[in-house]
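Reading through the C-alpha coordinates given below for one structure.
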Amino acid sequence: MAKLDAGMTREAAFDLLQEHNKDVFHIEHGETVEATMRYFAREFDPENEEFWGIVGLLHDLDWEEHDDELEMHTLYATPLIEAAGGSPELIRAIQSHTSDFNPNLPKPELQMEKILFATEELTGLIGAAVIMRPSKSVMDFEVKSLKKKFKDKRFAAGVNRDVIRSGAEMLGWELDELFDRTIKAMQSFAPDRDTFKPAE
(Lines give C-alpha, C1' and ligand atoms only; values in the text may rest on other atoms or scores of the structure.)
Protein backbone atom coordinates (compact mmCIF):
# COMPACT_ATOMS: atom_id res chain seq x y z
CA MET A 1 0.00 0.00 0.00
CA ALA A 2 1.23 3.49 -0.82
CA LYS A 3 1.77 5.87 2.09
CA LEU A 4 -1.10 8.35 2.22
CA ASP A 5 -0.60 11.90 3.43
CA ALA A 6 -3.54 13.75 4.98
CA GLY A 7 -1.66 17.07 4.82
CA MET A 8 -2.67 17.82 8.40
CA THR A 9 -2.18 16.38 11.87
CA ARG A 10 -4.90 14.69 13.87
CA GLU A 11 -4.80 17.66 16.28
CA ALA A 12 -5.38 20.16 13.44
CA ALA A 13 -8.21 17.97 12.11
CA PHE A 14 -9.89 17.88 15.53
CA ASP A 15 -9.56 21.69 15.88
CA LEU A 16 -11.22 22.06 12.47
CA LEU A 17 -14.04 19.70 13.50
CA GLN A 18 -14.69 21.70 16.68
CA GLU A 19 -14.61 24.98 14.77
CA HIS A 20 -17.54 23.90 12.58
CA ASN A 21 -19.43 21.62 14.98
CA LYS A 22 -20.81 22.81 18.30
CA ASP A 23 -23.15 19.87 18.96
CA VAL A 24 -21.41 17.30 21.18
CA PHE A 25 -23.25 14.51 19.33
CA HIS A 26 -21.61 15.48 16.01
CA ILE A 27 -18.15 15.68 17.55
CA GLU A 28 -18.61 12.29 19.20
CA HIS A 29 -19.87 10.81 15.91
CA GLY A 30 -16.65 12.03 14.25
CA GLU A 31 -14.56 10.44 17.02
CA THR A 32 -16.53 7.18 16.84
CA VAL A 33 -16.04 6.90 13.08
CA GLU A 34 -12.37 7.86 13.51
CA ALA A 35 -11.79 5.05 16.02
CA THR A 36 -13.75 2.60 13.83
CA MET A 37 -11.61 3.53 10.81
CA ARG A 38 -8.41 3.15 12.83
CA TYR A 39 -9.51 -0.33 13.90
CA PHE A 40 -10.00 -1.42 10.28
CA ALA A 41 -6.77 0.30 9.19
CA ARG A 42 -4.82 -1.85 11.65
CA GLU A 43 -6.15 -4.90 9.78
CA PHE A 44 -6.01 -3.72 6.17
CA ASP A 45 -3.50 -0.85 5.90
CA PRO A 46 -1.55 -0.38 9.16
CA GLU A 47 0.96 2.14 7.86
CA ASN A 48 -1.89 4.50 6.96
CA GLU A 49 -3.80 4.27 10.25
CA GLU A 50 -3.41 8.01 10.90
CA PHE A 51 -4.82 8.86 7.45
CA TRP A 52 -7.80 6.50 7.87
CA GLY A 53 -8.45 8.07 11.28
CA ILE A 54 -8.45 11.65 9.98
CA VAL A 55 -10.82 10.67 7.16
CA GLY A 56 -13.20 9.27 9.79
CA LEU A 57 -12.86 12.30 12.05
CA LEU A 58 -13.63 14.84 9.30
CA HIS A 59 -16.09 12.86 7.14
CA ASP A 60 -19.10 14.93 8.34
CA LEU A 61 -17.26 18.22 8.88
CA ASP A 62 -19.91 20.34 7.11
CA TRP A 63 -22.99 18.37 8.21
CA GLU A 64 -24.00 20.49 11.19
CA GLU A 65 -23.86 23.76 9.22
CA HIS A 66 -25.47 22.40 6.02
CA ASP A 67 -27.58 19.37 6.92
CA ASP A 68 -30.45 20.69 4.79
CA GLU A 69 -28.47 20.33 1.53
CA LEU A 70 -27.79 16.64 1.22
CA GLU A 71 -26.39 16.70 -2.33
CA MET A 72 -23.84 19.38 -1.25
CA HIS A 73 -22.65 17.39 1.79
CA THR A 74 -18.80 17.18 1.78
CA LEU A 75 -18.60 19.88 -0.95
CA TYR A 76 -18.92 22.64 1.65
CA ALA A 77 -16.17 20.90 3.61
CA THR A 78 -13.72 20.86 0.69
CA PRO A 79 -12.48 24.50 0.86
CA LEU A 80 -12.33 24.28 4.69
CA ILE A 81 -10.10 21.20 4.53
CA GLU A 82 -7.99 22.72 1.74
CA ALA A 83 -7.47 25.92 3.75
CA ALA A 84 -6.27 23.82 6.70
CA GLY A 85 -3.70 22.07 4.46
CA GLY A 86 -5.66 18.87 3.79
CA SER A 87 -4.45 16.81 0.84
CA PRO A 88 -6.43 15.98 -2.33
CA GLU A 89 -6.41 12.30 -1.21
CA LEU A 90 -8.05 13.27 2.10
CA ILE A 91 -10.72 15.33 0.33
CA ARG A 92 -11.41 12.59 -2.22
CA ALA A 93 -11.84 9.94 0.49
CA ILE A 94 -14.26 12.14 2.44
CA GLN A 95 -16.27 13.04 -0.67
CA SER A 96 -16.62 9.39 -1.68
CA HIS A 97 -18.87 8.58 1.29
CA THR A 98 -21.69 10.75 -0.09
CA SER A 99 -21.41 9.69 -3.73
CA ASP A 100 -24.83 8.01 -3.44
CA PHE A 101 -26.46 11.45 -3.00
CA ASN A 102 -24.39 13.24 -5.64
CA PRO A 103 -23.33 11.27 -8.74
CA ASN A 104 -20.63 13.88 -9.52
CA LEU A 105 -18.65 12.89 -6.43
CA PRO A 106 -16.03 10.12 -6.61
CA LYS A 107 -17.23 6.59 -5.89
CA PRO A 108 -15.39 4.60 -3.20
CA GLU A 109 -12.44 2.73 -4.75
CA LEU A 110 -9.87 2.20 -2.01
CA GLN A 111 -10.62 -0.27 0.80
CA MET A 112 -10.56 2.70 3.17
CA GLU A 113 -13.25 4.53 1.20
CA LYS A 114 -15.44 1.44 1.01
CA ILE A 115 -15.15 0.86 4.76
CA LEU A 116 -16.06 4.49 5.49
CA PHE A 117 -19.08 4.18 3.19
CA ALA A 118 -20.21 0.89 4.76
CA THR A 119 -19.64 1.66 8.45
CA GLU A 120 -20.39 5.36 8.90
CA GLU A 121 -24.21 5.02 9.02
CA LEU A 122 -23.90 1.65 10.74
CA THR A 123 -21.98 3.08 13.72
CA GLY A 124 -24.92 5.47 14.20
CA LEU A 125 -27.40 2.60 14.18
CA ILE A 126 -25.29 0.60 16.66
CA GLY A 127 -24.91 3.66 18.91
CA ALA A 128 -28.68 4.25 18.88
CA ALA A 129 -29.39 0.58 19.64
CA VAL A 130 -26.86 0.44 22.47
CA ILE A 131 -28.41 3.45 24.24
CA MET A 132 -31.70 1.48 24.48
CA ARG A 133 -30.04 -1.45 26.24
CA PRO A 134 -30.06 -1.82 30.05
CA SER A 135 -26.24 -1.97 30.06
CA LYS A 136 -25.87 1.11 27.78
CA SER A 137 -22.78 -0.73 26.56
CA VAL A 138 -21.65 -2.11 23.22
CA MET A 139 -19.62 -4.78 25.03
CA ASP A 140 -22.59 -7.17 25.34
CA PHE A 141 -24.21 -6.20 22.02
CA GLU A 142 -24.68 -8.99 19.46
CA VAL A 143 -25.29 -9.30 15.73
CA LYS A 144 -28.76 -10.79 16.21
CA SER A 145 -29.88 -7.67 18.16
CA LEU A 146 -28.45 -5.44 15.46
CA LYS A 147 -30.28 -7.40 12.73
CA LYS A 148 -33.59 -6.78 14.53
CA LYS A 149 -32.94 -3.04 14.74
CA PHE A 150 -31.79 -2.95 11.11
CA LYS A 151 -35.03 -4.57 9.94
CA ASP A 152 -37.20 -2.22 12.01
CA LYS A 153 -37.34 0.82 9.72
CA ARG A 154 -38.96 2.95 12.41
CA PHE A 155 -35.98 2.49 14.69
CA ALA A 156 -33.32 5.21 14.07
CA ALA A 157 -35.30 6.07 10.93
CA GLY A 158 -32.63 8.55 9.80
CA VAL A 159 -30.12 5.74 9.25
CA ASN A 160 -30.00 4.85 5.57
CA ARG A 161 -30.21 1.04 5.35
CA ASP A 162 -29.56 1.06 1.59
CA VAL A 163 -26.19 2.75 2.09
CA ILE A 164 -25.22 0.05 4.59
CA ARG A 165 -26.35 -2.69 2.20
CA SER A 166 -24.47 -1.26 -0.78
CA GLY A 167 -21.39 -0.70 1.41
CA ALA A 168 -21.36 -4.40 2.35
CA GLU A 169 -21.74 -5.26 -1.33
CA MET A 170 -18.80 -3.02 -2.30
CA LEU A 171 -16.62 -4.80 0.25
CA GLY A 172 -17.82 -8.24 -0.87
CA TRP A 173 -19.06 -8.95 2.66
CA GLU A 174 -22.36 -10.43 3.77
CA LEU A 175 -24.39 -8.04 5.95
CA ASP A 176 -23.78 -10.29 8.97
CA GLU A 177 -20.03 -10.01 8.47
CA LEU A 178 -20.21 -6.21 8.20
CA PHE A 179 -22.36 -6.11 11.37
CA ASP A 180 -20.00 -8.40 13.27
CA ARG A 181 -16.84 -6.57 12.22
CA THR A 182 -18.31 -3.12 12.99
CA ILE A 183 -19.54 -4.20 16.44
CA LYS A 184 -16.06 -5.59 17.18
CA ALA A 185 -14.51 -2.33 15.97
CA MET A 186 -16.70 -0.34 18.37
CA GLN A 187 -16.01 -2.77 21.21
CA SER A 188 -12.29 -2.20 20.68
CA PHE A 189 -12.51 1.41 21.90
CA ALA A 190 -15.70 1.43 24.00
CA PRO A 191 -14.01 0.41 27.28
CA ASP A 192 -11.77 3.50 27.09
CA ARG A 193 -14.58 5.92 26.53
CA ASP A 194 -18.28 5.25 26.80
CA THR A 195 -19.31 7.09 23.65
CA PHE A 196 -22.79 5.70 23.65
CA LYS A 197 -24.39 7.25 26.72
CA PRO A 198 -27.10 9.74 25.83
CA ALA A 199 -26.27 13.35 26.73
CA GLU A 200 -27.16 14.08 30.36
Side-chain angles (χ1 to χ4, degrees), residues 1-124 127 160 163 167 170-171 181-182 185-186 188-190 192-193 195:
M1 290 277 186
K3 187 84 174 119
L4 294 165
D5 178 19
M8 63 200 306
T9 61
R10 194 266 173 200
E11 191 181 6
F14 189 64
D15 288 346
L16 187 63
L17 182 70
Q18 287 186 304
E19 197 182 321
H20 295 279
N21 290 271
K22 303 305 174 204
D23 185 331
V24 173
F25 178 82
H26 291 146
I27 292 168
E28 287 192 347
H29 175 63
E31 290 177 306
T32 297
V33 177
E34 175 195 15
T36 301
M37 291 295 286
R38 284 178 176 275
Y39 172 90
F40 283 109
R42 290 193 289 274
E43 179 179 349
F44 293 109
D45 189 11
E47 72 166 319
N48 286 314
E49 182 183 332
E50 188 76 353
F51 185 94
W52 285 51
I54 291 171
V55 167
L57 190 62
L58 292 180
H59 77 282
D60 273 354
L61 176 64
D62 60 14
W63 181 252
E64 186 174 306
E65 294 172 339
H66 301 284
D67 64 357
D68 55 340
E69 296 177 79
L70 206 50
E71 67 290 344
M72 293 296 290
H73 177 34
T74 70
L75 289 171
Y76 283 116
T78 298
L80 306 176
I81 296 167
E82 278 172 346
S87 66
E89 293 84 358
L90 176 65
I91 289 163
R92 194 211 120 84
I94 287 168
Q95 286 184 346
S96 72
H97 94 278
T98 47
S99 54
D100 52 325
F101 296 119
N102 184 337
N104 298 318
L105 291 174
K107 292 260 182 257
E109 286 172 14
L110 300 174
Q111 184 79 348
M112 166 197 53
E113 294 166 345
K114 292 174 184 175
I115 284 174
L116 176 67
F117 189 95
T119 62
E120 186 257 333
E121 292 269 322
L122 186 53
T123 62
N160 190 323
V163 165
M170 269 179 211
L171 286 162
R181 281 171 171 268
T182 308
M186 290 174 76
S188 75
F189 58 86
D192 306 325
R193 178 169 165 275
T195 321

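Here, residue 1 is the first one in the sequence, and each next residue gets the next number.
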**OP:** Report the C-alpha separation of I54 and F14 in whole Å, then their side-chain angles, then the decisive distance to 0.1 Å, and conclude whether the side chain to side chain contact (heavy atoms under 4.5 Å, CB included) test is met.
**Re:** CA-CA 8 Å; I54 291 171; F14 189 64; over 6 Å; no
Subject >> Steps toward side chain to side chain contact (heavy atoms under 4.5 Å, CB included) verdict (F189, Y39) >> reply: CA-CA 9 Å; F189 58 86; Y39 172 90; 5.7 Å; no
Subject >> Residue pair V55, M112: steps toward the side chain to side chain contact (heavy atoms under 4.5 Å, CB included) verdict >> reply: CA-CA 9 Å; V55 167; M112 166 197 53; 4.0 Å; yes
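Looking at T74 and T98, their side chains do bring a donor and an acceptor atom within 3.5 Å of each other. Inspection of the Q95 and T78 side chains reveals an N or O donor paired with an N or O acceptor under 3.5 Å. Counting only N and O atoms by type, the side chains of H73 and D60 include a donor and acceptor under 3.5 Å apart.
The CH2 atom of W63 sits 5.0 Å away from atom CG of L70, with the distance rounded to the nearest 0.5 Å. For the atom pair CG (L17) and CG (L80), the distance works out to 11.5 Å, reported to the nearest 0.5 Å.
The heavy-atom pair separating T119 from I115 by the smallest distance is OG1-O, 2.7 Å.
The backbone N or O of Q18 lies less than 3.5 Å from a partner atom in the side chain of K22, making a donor-acceptor pair. Between the side chain of D5 and the backbone N or O of G7, at least one donor-acceptor pair lies under 3.5 Å.
Residues L171 and Q111 are in side-chain contact: their nearest non-hydrogen atoms beyond the backbone lie under 4.5 Å apart. Looking only at side-chain heavy atoms (C-beta outward), D45 and E47 come within less than 4.5 Å of each other.
Applying the side-chain hydrogen bond (donor to acceptor under 3.5 Å, both in side chains) test between E64 and each of H26, H29, H20 identifies H26 as the sole match.
Residues meeting the salt bridge (Lys or Arg N to Asp or Glu O under 4.0 Å) test with E113, sequence neighbours left out: R92. A search for salt bridge (Lys or Arg N to Asp or Glu O under 4.0 Å) contacts involving E43 returns R181, not counting sequence neighbours. A search for salt bridge (Lys or Arg N to Asp or Glu O under 4.0 Å) contacts involving E34 returns R10, R38, not counting sequence neighbours.
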